[in-house]
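These notes are about the structure you will find just below.
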Amino acid sequence: MPPKRQKEAKAATPSKRARTGKSEFDNSSNALVDSLISDKLLGQTYCEELGIDLSKGSNAVFQWLACSSMFGSRLSETITMRAARGLLESKLSTPQAISEAPLEEEVEALHSEGNVQRAPSMSHYLNQTSKAVLDKYKGDLDNLREQAKHDPAKERQLIKEFKGFGDVAVNIFCREAQEVWEELFPFADDRSLKLAAEHGLPHQAAKLAVLVDNDRHKFVRLLAALIRSNLRKVPVNDEEGTVDSGGVSLALLPLCCVCMRPFLVSITGLSTVNFDLSTCTLAVKLQLLSAGT
């Protein structure tokens with residue numbers, strides 16, 4: 001081949017750096033990602049766990065917005081999940097319904113074990129957010145997207161104007177909203193990327209998305225699995241690419257603690273027995289009770 005043609009052929013060949021695909025990652029990374037998103041306990045999105053179908057439109061996205069404000073609080077995942085389910089099951093699932101509901105009804109919907117003190121403030125924030133969505137965007141969050149011209153940075157800025165929405169709550173919203181707000185994809189907050197890096201996965205959102213073939217739904221499931229595996233202390237074998245979520249027993253551990261409460265009250269003589277359901281440190285709590293503290 002003449003030198004000139006050889007040079008042209010070389011230039012037309014993509015460099016290793018330019019190639020993207022799952023093949024650029026080792027087998028353990030691919031296996032770990034597959035294990036995380038296929039795990040029954042870890043691999044479902046938070047919207048799926050709550051029964052929110054984002055593909056159904058603006059009302060479903062608003063429901064996730066409302067739940068995101070709760071997950072952005074300092075309450076444990078278990079307590080927040082119960083409060084979110086209480087809101088959705090009460091049919092207070094649209095801006096109109098929340099803004100018109102009496103305060104007592106909203107507080108009752110959000111009231112759950114461990115959330116007694118925070119329920120009134122949650123209700124206030126939700127009420128203010130609902131009114132803002134109605135006043136500024138005619139009750140339709142698609143109008144927020146239009147106002148932001150589908151610019152992710154502008155959308156984040158507008159969402160932060162809602163009462164009670166800081167960076168954490170906005171990040172939580174965007175993590176799952178990107179499944180239907182495609183302009184957000186690929187988005188992963190610092191927390192998710194840090195957890196990914198701890199397991200030897202890419203710590204850039206775009207590279208992490210490559211591991212799921214840039215599939216938005218799988219990407220959201222991967223982020224949810226990373227968050228859950230950390231919150232629930234699930235053993236993850238980075239080298240073998242396996243996850244041991246403990247099956248049903250892990251999911252039922254908080255419930256078991258609640259069910260044992262009456263029994264522990266009866267044997268200790270105490271009027272109340274409190275558990276930290278976010279860590280489920282049952283043995284530590286029992287030791288403290290036996291010591292009379």
Side-chain angles (χ1 to χ4, degrees), residues 20-57 60-61 63-68 70-72 77-78 80-81 84-85 88 152 168-238 240-248 250-252:
T20 57
K22 292 181 72 171
S23 60
E24 71 176 288
F25 301 103
D26 58 46
N27 291 334
S28 63
S29 294
N30 291 319
L32 176 58
V33 168
D34 290 342
S35 295
L36 284 167
I37 64 178
S38 62
D39 188 272
K40 292 182 180 179
L41 293 179
L42 302 180
Q44 62 177 335
T45 68
Y46 279 89
C47 284
E48 288 172 336
E49 188 172 353
L50 288 166
I52 300 173
D53 184 354
L54 293 177
S55 66
K56 289 188 175 180
V61 176
Q63 290 171 10
W64 175 239
L65 180 78
C67 292
S68 298
M70 300 184 216
F71 282 111
E77 179 196 45
T78 305
T80 306
M81 188 64 74
R85 285 200 180 101
L88 297 173
V168 173
V170 174
N171 286 343
I172 292 171
F173 172 77
C174 290
R175 275 206 310 255
E176 304 222 350
Q178 66 183 315
E179 189 169 348
V180 289
W181 288 17
E182 61 272 9
E183 65 272 15
L184 295 174
F185 179 80
F187 170 78
D189 57 346
D190 290 342
R191 182 185 183 188
S192 301
L193 293 176
K194 180 181 178 182
L195 292 171
E198 288 177 359
H199 295 301
L201 299 176
H203 57 276
Q204 296 91 12
K207 288 188 176 182
L208 200 58
V210 170
L211 280 168
V212 292
D213 298 318
N214 288 302
D215 182 301
R216 290 203 301 272
H217 181 61
K218 287 183 178 179
F219 185 67
V220 173
R221 286 171 62 188
L222 173 59
L223 299 183
L226 287 169
I227 296 294
R228 280 199 189 90
S229 66
N230 176 256
L231 288 174
R232 302 180 186 183
K233 310 302 180 186
V234 175
V236 176
N237 189 317
D238 303 330
E240 296 182 5
T242 58
V243 178
D244 180 12
S245 64
V248 177
L250 179 69
L252 293 180

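To the nearest 0.5 angstrom, L226 atom CG is 6.5 Å from L201 atom CG. In this structure, OG on S229 lies 9.0 Å from CD on E198, to the nearest 0.5 angstrom. Between L223 atom CG and K218 atom NZ the span is 14.5 Å, to the nearest 0.5 Å. S38 contributes atom OG, which lies 12.5 Å from atom CD of Q44 (distance to the nearest 0.5 angstrom). Of the inter-residue distances, the one linking L42 atom CG with L222 atom CG reads 11.0 Å to the nearest 0.5 angstrom.
Listed here is the closest heavy atom pair of L184 and P152: CD2-CB, 3.9 Å. Residue L54 comes nearest to W64 through the heavy atom pair CD2-CB, 3.9 Å, listed as atom of the first residue, atom of the second, then distance. Closest heavy-atom contact between I37 and V212: CD1-CG1, 4.5 Å. The minimum heavy-atom distance between A84 and C67, with the atom names listed, is CB-SG, 3.8 Å. Between G72 and I172 the shortest heavy-atom distance is N-CD1, 3.8 Å. The heavy-atom pair separating L65 from F173 by the smallest distance is CA-CD1, 3.7 Å.
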Worked verdict on V220 versus Y46 for side chain to side chain contact (heavy atoms under 4.5 Å, CB included): CA-CA 9 Å; V220 173; Y46 279 89; over 6 Å; no
Side chain to side chain contact (heavy atoms under 4.5 Å, CB included) assessment of R216 paired with V180: CA-CA 8 Å; R216 290 203 301 272; V180 289; over 6 Å; no
Side chain to side chain contact (heavy atoms under 4.5 Å, CB included) evaluation trace for D215 with F219: CA-CA 6 Å; D215 182 301; F219 185 67; over 6 Å; no
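By the 4.0 Å N-to-carboxylate-O rule, E179 lies too far from R221 to be salt-bridged with it.
With sequence neighbours left out, the side chain to side chain contact (heavy atoms under 4.5 Å, CB included) criterion links D189 to N171, R175, F187, R191, S192. Taking H203 as the reference, nothing meets the side chain to side chain donor-acceptor pair (under 3.5 Å) condition, with sequence neighbours excluded.
Annotation: side chain of L211 is in contact with side chain of P202 (closest heavy-atom distance under 4.5 Å). The side-chain heavy atoms of L50 and T45, taken from C-beta on, include no pair separated by under 4.5 Å. Between R85 and L88 there is no side-chain heavy-atom pair separated by less than 4.5 Å. Contact check for R228 versus D39: no side-chain heavy atoms found under the 4.5 Å cut-off.
Judged purely by distance below 3.5 Å, without hydrogens or angles, the side chains of Q178 and H217 never pair a donor atom with an acceptor atom.
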